[in-house]
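A short worksheet on the structure shown next.
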Amino acid sequence: MEKRFLRSYMDLLVQTCHRRGALATGGMAALLLPPSLNPDSYRRVLASVKRLKMLEIKAGVDGFMVYDLNLIKPMQELFQTHTEGENQLHVLRDDVSVTPEDLLSMPSGGVTLYGLKYNIAVGVLFINAWLSGKGHFFYRGQVEDSATAEISRSQVWQWIRHQTGLEDDSRVVSRQLVTELTQEIMAELRPFCHSVGSKRRLYTAADMFLEVVLKRHFPEFITSYLNQDHTFLSSQNSAEDTSLDPGKLSKL
């Protein structure tokens, strides 16, 4: 939210809503508080959430969302400490003058190998959760859902299309590199599958992710694509067939 285009959209959101007497809602804190048995990690995560939410409070939002219920009380205290009353409708943000250039400005920095692998993992695990009948999952200390899956798979598709170079080395994001990294991530995730069915589902998810990001034309919504695509439908029809070898699913 500290990047120019995201900060600009948040300021414009508050200004637009408050001019009309409507409440402006901030984003959701996806981070999960670790167990209090680890005080250093607990304080670090809480401090990170507070810092980001303070940006929204200063922008004039009237509230925001958290996923972890343990964050409700500290966030309520944060809001009560730095605002007056039940909302900030009086903050009209007359100082805001957002231009198209502000909203379309590209953030600095490039694509890292870590970022590419993270996006691949989020995309695969979201489809895996979707195949399980769930709309979210937990990964590396935070909740991920269709919103983050859309961002992740969209960036991977765009990086392939524009042959984006990695900051870490001289490699370019290509169809082959994404396929190889997906296979690496599968090797990391496979030990967490404790049944033949869960392994089969994970392999199916990986194949479907590659199908989405390697397509010539960009699928508009990943959820619509999953519901309408033949691969998803056939995977559901064969859900009861536990005799399938997960290795065979790479041919779907």
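Reckoned from all heavy atoms, side chains included, excluding hydrogens, waters and symmetry mates.
- Its side chain outside the 4.5 Å cluster rule for every partner, L92 clusters with none of the Ile, Leu, Val, Met, Phe, Trp and Tyr residues.
- By the side-chain hydrogen bond (donor to acceptor under 3.5 Å, both in side chains) test, D145 is found to be paired with no residue, residues two or more places apart in sequence or in another chain being considered.
- In this structure, Y139 has its ring center no closer than 6.0 Å to that of F126.
- Among residues two or more places apart in sequence or in another chain, the side-chain contact (heavy atoms from CB on, under 4.5 Å) test is passed with F218 by R153, S154, W157.
- Residues in residues 74-87 take part in no side chain to side chain donor-acceptor pair (under 3.5 Å) pair, two or more places apart or across chains.
- Annotation: side-chain hydrogen bond (donor to acceptor under 3.5 Å, both in side chains) contacts of R20 (sequence neighbours excluded): none.
- Qualifying side-chain hydrogen bond (donor to acceptor under 3.5 Å, both in side chains) partners for R175, counting only residues two or more places apart in sequence or in other chains: none.
- Remark: R43 pairs with D40 by the salt bridge (Lys or Arg N to Asp or Glu O under 4.0 Å) rule, at least two apart or across chains.
- Remark: K134 pairs with no residue by the salt bridge (Lys or Arg N to Asp or Glu O under 4.0 Å) rule, at least two apart or across chains.
- With 3.5 Å as the limit, one finds a donor-acceptor pair spanning the side chains of T99 and D102.
- Partners of F5 according to the side-chain contact (heavy atoms from CB on, under 4.5 Å) rule, which considers only residues two or more places apart in sequence or in another chain, are K3, S105, P107.
- Taking the salt bridge (Lys or Arg N to Asp or Glu O under 4.0 Å) definition, one finds that D68 meets it with nothing, sequence neighbours left out.
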For a side-chain hydrogen bond (donor to acceptor under 3.5 Å, both in side chains) check, start with the C-alpha distance between E211 and Y225, then their side-chain angles and the critical distance, and finish with the verdict. CA-CA 11 Å; E211 186 176 314; Y225 185 83; 2.7 Å; yes
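- With sequence neighbours excluded, no residue forms a salt bridge (Lys or Arg N to Asp or Glu O under 4.0 Å) with R19.
- The number of heavy atoms from other shown groups lying within 6.0 Å of CD (E188) is above 12.
- The side-chain hydrogen bond (donor to acceptor under 3.5 Å, both in side chains) test applied to R44 returns no partner, not counting sequence neighbours.
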